[in-house]
Amino acid sequence: MKAIVYERNGDASVLQLVERPIPEPGPGEVLVRMAVSGVNPTDWKARHVRPLPAGWQIPHQDGAGVIEAVGEGVDQILIGARVWLWEAAWQRPWGTAAEYTVVPVRHAVRLGSASFDLGAALGIPFMTAHRCLTAGEFMPDKLHAGALSGHVVLVQGGAGAVGNAAIQLARWADACVIATVSGPEKAQLAAAAGASHVINYREQDVVEEVRKIAPDGVHTIVEVSAARNAADDVQLLRAGGAVCVYADDGGDEVTLPIRPLMLPNARWQFVLIYTAPKAAKAQAVVDVSAAVAQGAVRVGEEAGLPLHHYSLAATAAAHKAVESSMVGKVLITTSET
Ligand SMILES: NC(=O)c1ccc[n+]([C@@H]2O[C@H](COP(=O)([O-])OP(=O)(O)OC[C@H]3O[C@@H](n4cnc5c(N)ncnc54)[C@H](OP(=O)(O)O)[C@@H]3O)[C@@H](O)[C@H]2O)c1
C-alpha cells in the first residue's frame with residue numbers, strides 16, 4: 001500500500017510517500033481501506049514534537065473508509081461497513097494517511113450513507129466540540145435534538161473546524177448559538193453553520209453584543225483563545241456557567257479574577273480530547289453518529305466548512321495549509337473507494 005510516513009520529528013519535509021505491506025488487523029482490530037484522511041492542527045503539532053515509539057509514524061487521527069478485514073474476536077459482519085475513524089494515531093503508529101490502516105474496533109464507527117468527506121471531518125473537531133458542550137454544570141451528558149433548548153452557547157472562533165462543529169452540534173440540540181469571528185467572510189461561514197448571532201470581535205464589543213442577546217449571560221463558552229478572551233468570558237457567564245477551553249491559540253497563559261468567578265460558581269473546564277473521560281468520548285461517538293444519521297451535521301461551504309482536497313502524495317502541502325490556518329477542512333483523498 002501507499003502510505004505517508006515520518007521517521008523523525010520536524011517540518012513537513014519529513015513526510016515521505018512510501019510503499020508498505022498492508023497491515024494485518026490484530027485481536028480486537030479492524031483493517032480499513034481508507035477513502036479520505038482528515039487533517040487537524042494536532043497532526044502537524046504531533047509531527048513536530050510527539051515521540052515516535054515505533055520509530056515511525058503514519059500521521060492523522062481522523063479518516064473514513066470501508067472495513068476490509070477483522071481481527072480475532074471481531075464480528076465478521078463488520079466487513080464491508082462504511083466507517084469513520086477517531087484517534088487512529090493516538091499512541092499508535094497507524095494513522096489514516098495511507099491506503100489502509102488498522103484501528104481497535106471501537107475507533108471505527110458506522111457512517112451509514114453519509115459521505116467519506118463528512119466522515120473524515122468528524123473525529124477530533126466534533127468529539128472536542130461535544131465535550132465542550134457537555135462538560136458544564138448546566139449541560140446534559142448527552143446531545144440530541146432539544147437537549148440544549150433554553151441554553152445559550154457562545155462559540156469563540158465560529159469559523160474554525162472545532163468552532164464549526166460546536167455550532168452545528170449546539171444548533172442540532174436547539175441551543176441559541178452566538179459565534180465570534182474576525183471578519184465578514186468568517187461571519188458568513190459561522191452563520192451558514194447555524195449560529196443565530198455572529199459578532200465580529202475585531203469591530204464590535206463582544207460583551208456588549210452578547211449582553212443584548214443574553215442579558216443573564218451564557219450557559220457555556222466554547223473557547224479557542226482563553227488568553228485573549230478570558231476577560232470577556234468572565235463577564236459573560238451566567239451563574240453556574242462554564243468556559244470550556246480547548247486550545248491555546250493566541251497565548252498559553254491566562255489570568256483570572258477570583259471573586260467575579262466565585263460569585264457565579266463559574267467553572268473553567270480544560271479539554272484535551274485524547275485524555276477526556278472514556279465515558280464522555282463513548283457518548284460523543286454515539287451522539288455525533290446520531291447527528292450524522294439525522295442529517296444534522298454537514299461539511300462544505302454551505303455548512304460553514306469549505307473543503308480543500310489534496311492527494312496522498314501532496315500530504316506535506318496539506319500539512320502546510322493547516323499549519324498556516326487555512327479556513328475550512330483539509331482532506332486527503334487516499335483512494336477512489
Ligand atoms: N483540546 C483538544 O482536544 C483540541 C481538539 C481540536 C483542536 N484543538 C486545538 O484547537 C485549535 C483550533 O483548532 P481548529 O481545528 O478548530 O483550527 P482552525 O480551523 O484553524 O480554527 C481556529 C479558529 O480560531 C479563531 N480564533 C483565533 N483567535 C481567536 C480569538 N481571540 N477569538 C475568537 N476566535 C479566534 C480563528 O479565526 P480568527 O483568527 O480569524 O479569529 C479560527 O477560525 C488548535 O490549536 C488545535 O490544536 C484542540
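One-based numbering, in listed order, for ligands and for the atoms of each.
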Side-chain donor/acceptor pairs under 3.5 Å, residues 325-332, sequence neighbours excluded:
{"unit_1": "K329", "atom_1": "NZ", "unit_2": "V39", "atom_2": "O", "d": "3.3"}
{"unit_1": "K329", "atom_1": "NZ", "unit_2": "N40", "atom_2": "OD1", "d": "2.9"}

Would you check if the side chain of K2 reaches a backbone N or O of E99 as a donor-acceptor pair within less than 3.5 Å?
-> no

So, for L17 and A313, which heavy atoms are closest and what is the spacing to 0.1 Å?
-> CD2-CB, 3.9 Å

Give a yes or no on whether K45 atom NZ has more than 12 heavy-atom contacts from other residues, nucleotides or ligands under 6.0 Å away.
->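 Counting neighbours around NZ of K45, more than 12 heavy atoms of other residues, nucleotides or ligands fall under 6.0 Å, so yes.
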
D141, CG atom: more than 12 neighbouring heavy atoms under 6.0 Å = no

Mind checking whether Y274 and W90 have parallel, tilted or perpendicular rings, split at 30° and 60°?
->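 Ring orientation, 0 to 90° scale: parallel.
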
Contact residues of ligand 1 with a heavy-atom cut-off of under 4.0 Å?
->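 Contacting ligand 1 under 4.0 Å are P41, K45, I124, T128, Q156, G157, A159, G160, A161, V162, T180, S182, K186, Y201, V224, S225, R228, N229, Y246, A247, D249, V271, L272, I273.
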
